[in-house]
Structures are given as structure tokens and as C-alpha cells.
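Below you'll find the structure, written out as C-alpha cells, and then a few comments.
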Amino acid sequence: GSEAASEQGQEEEAEDRLKEHMDNLLDKSAKTRQAALQSLRLALSSRTLSEFLLERRLTLTDSLEKCLKRGKGEEQALAGTVLTLLCLQMGSGPEGEEAFRSLKPLLVSVLTDSTASPSARQSCATALGMCCYIAAADLE
């Protein structure tokens, strides 16, 4: 009994940290946003969070959109990576497709922007390819 309660407590603690990282994506400080993106990247690549993300996917995609739009270099690269991981977690269902469809124009925009950093462009290209493979319903 106490082991299950302890596990539940750890789960809630982890979710609280994730919520905090998601809130920090909207911070004015680029450094804070980058740290939040790095933490989200680590969390999304180390465990399955489908349930948690399903409820918050719109908030997260909106925040990633802002990071891609107003961020520079490293922030855009991290946002592209987090988006790829989000698509992987959401899978090929309507939720993953919706997240990809909403951010696809922005990914293409960063990818084709010759003034964007090479790491940001590469990350957006990877996100575009992976998300297209996983979540795009339209075969074209």
C-alpha cells in the first residue's frame, strides 16, 4: 500500500514539475524558456506521458509556437526537438495530427529562413520530417 502511495506521490511531483516547465515557456527571459525546453526535452524523451500531454497539448503547442516565432537559435532548435518528441508521444491519432498541422507552417518558415541559425533550421527540418512521418494524415 505505502509503495503505491509513494509512487503516486512521485508521479504527481513529476507532473507538477512538468506544469512548471510549461509555464516557464512563456517567461520573458530567453534563458528561462531555454531551461524549460531542455527540461521538457529530457522528460519527453525519458518516459511516456501521453495522458498528461493529451490534456495539455494545446497549451504546449501554443507555447512552442511562441518559442519558434520569437526565439532565436538555441531556443528555436530546442522547440523543434520538443515538438518532435510531442508528436512521438501523441502518435498518429487526431491529436498528433492537430499539433503537427498547427505548427507545420512555422516549421517551414524557420527552415526556409536563411537568417535563422543552422541548428534551428536543422531541428525544424527534423521535426518536420518526423512529425510528417508520424502524424500527417494527408499523404502529400
Side-chain angles (χ1 to χ4, degrees):
S2 66
E3 198 174 295
S6 168
E7 198 172 298
Q8 173 119 18
Q10 288 176 338
E11 191 72 26
E12 287 173 9
E13 201 175 298
E15 286 187 4
D16 287 343
R17 281 195 307 271
L18 285 170
K19 289 176 194 170
E20 190 179 318
H21 298 318
M22 287 172 64
D23 289 343
N24 285 343
L25 290 179
L26 301 174
D27 199 271
K28 285 183 178 165
S29 161
K31 210 173 207 172
T32 302
R33 291 192 307 268
Q34 281 182 11
L37 285 164
Q38 287 172 327
S39 298
L40 284 169
R41 181 187 70 195
L42 188 64
L44 292 175
S45 61
S46 60
R47 34 197 301 229
T48 304
L49 300 162
S50 316
E51 289 290 317
F52 176 83
L53 293 170
L54 270 176
E55 299 167 10
R56 294 166 183 83
R57 71 184 184 283
L58 297 176
T59 305
L60 187 52
T61 52
D62 285 351
S63 299
L64 290 173
E65 181 179 344
K66 286 179 176 78
C67 289
L68 284 167
K69 273 185 184 173
R70 70 174 181 214
K72 298 284 178 247
E74 180 70 15
E75 184 178 348
Q76 288 177 315
L78 284 165
T81 302
V82 171
L83 175 61
T84 302
L85 292 167
L86 177 65
C87 270
L88 281 167
Q89 293 260 354
M90 293 285 96
S92 61
E95 295 86 4
E97 183 187 340
E98 180 186 353
F100 172 59
R101 192 176 46 240
S102 69
L103 290 175
K104 181 183 169 195
L106 201 49
L107 290 171
V108 171
S109 169
V110 174
L111 178 62
T112 58
D113 178 2
S114 59
T115 63
S117 78
S119 65
R121 293 174 74 185
Q122 183 269 330
S123 179
C124 287
T126 301
L128 199 56
M130 287 296 291
C131 293
C132 192
Y133 179 74
I134 294 165
D138 182 5
L139 293 177
E140 284 183 41

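Given the structure is predicted, the values throughout are model-derived calculations rather than measurements.
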Mind checking the CZ-CG spacing from Arg121 to Leu128? Nearest 0.5 Å is all I need. 13.0 Å
Would you kindly confirm whether Val82 and Leu68 end up in one hydrophobic cluster when ILVMFWY residues are joined by side chain heavy atoms under 4.5 Å apart? yes
To the nearest 0.5 Å, atom CZ of Phe52 lies from atom CZ of Arg47 at 9.5 Å
Which atom pair, heavy atoms only, marks the closest approach of Leu111 to Cys124? N-CB, 4.5 Å
In the single-linkage hydrophobic clustering (I, L, V, M, F, W, Y; side-chain heavy atoms under 4.5 Å), do Leu83 and Phe100 co-cluster? yes
CE of Met130: more than 12 outside heavy atoms within 6.0 angstrom? no
Shared ILVMFWY cluster between Leu53 and Leu26, side chains joined below 4.5 angstrom? no
How many angstroms lie between atom CG of Leu25 and atom OG of Ser39, to the nearest 0.5 angstrom? 9.5 Å
Which residue in the set Leu86, Leu64, Leu60, Leu85 passes side-chain contact (heavy atoms from CB on, under 4.5 Å) when paired with Leu40? Leu60
For Gly80 and Ala127 the tightest heavy-atom approach is O-CB, 3.4 Å
Across all chains, not counting sequence neighbours, the side chain to side chain contact (heavy atoms under 4.5 Å, CB included) partners of Ala30 are Arg33, Glu75
Note: Ala77 and Ser123 closest approach over all heavy atoms is O-OG, 2.5 Å
The complete set of side-chain hydrogen bond (donor to acceptor under 3.5 Å, both in side chains) pairs with one or both residues in residues 16-26, sequence neighbours excluded, reads Glu13-Arg17
Leu44 CG to Cys87 SG distance, which is reported to the nearest 0.5 Å: 11.0 Å
Between atom CD of Glu74 and atom OG of Ser119, what is the distance when rounded to the nearest 0.5 Å? 6.0 Å
Between Leu49 and Leu42, is there a shared hydrophobic cluster once you connect ILVMFWY residues whose side-chain heavy atoms come closer than 4.5 Å? no
Salt-bridge contact Arg56-Glu15 (side-chain N to carboxylate O under 4.0 Å): no
Kindly write out the residues that satisfy side chain to side chain contact (heavy atoms under 4.5 Å, CB included) with Thr48, not counting sequence neighbours, or none if the list is empty. Ser50, Gln89
Only pairs at least two apart or in different chains count here, so list each salt bridge (charged side-chain N to carboxylate O under 4.0 Å, His left out) that has a residue in residues 61-71. Glu65-Lys69
Counting distance only, does the side-chain N/O of Ser109 pair as donor-acceptor with the main-chain N or O of Pro105 below 3.5 Å? no
Looking at every heavy atom in both Thr115 and Asp113, which two are closest together, and how far apart are they? OG1-OD1, 2.6 Å
Holding to side chain to side chain contact (heavy atoms under 4.5 Å, CB included), I want the full list of residues that pass it with Leu54, two or more places apart in sequence or in another chain. Arg57, Met90, Glu95
NZ on Lys31 to CD on Gln34, rounded to 0.5 Å: 9.0 Å
Gln122: side chain to side chain contact (heavy atoms under 4.5 Å, CB included) partners, not counting sequence neighbours: Thr126
Below 4.5 Å, heavy atoms only, C-beta onward: do Cys67 and Leu78 meet side chain to side chain? no
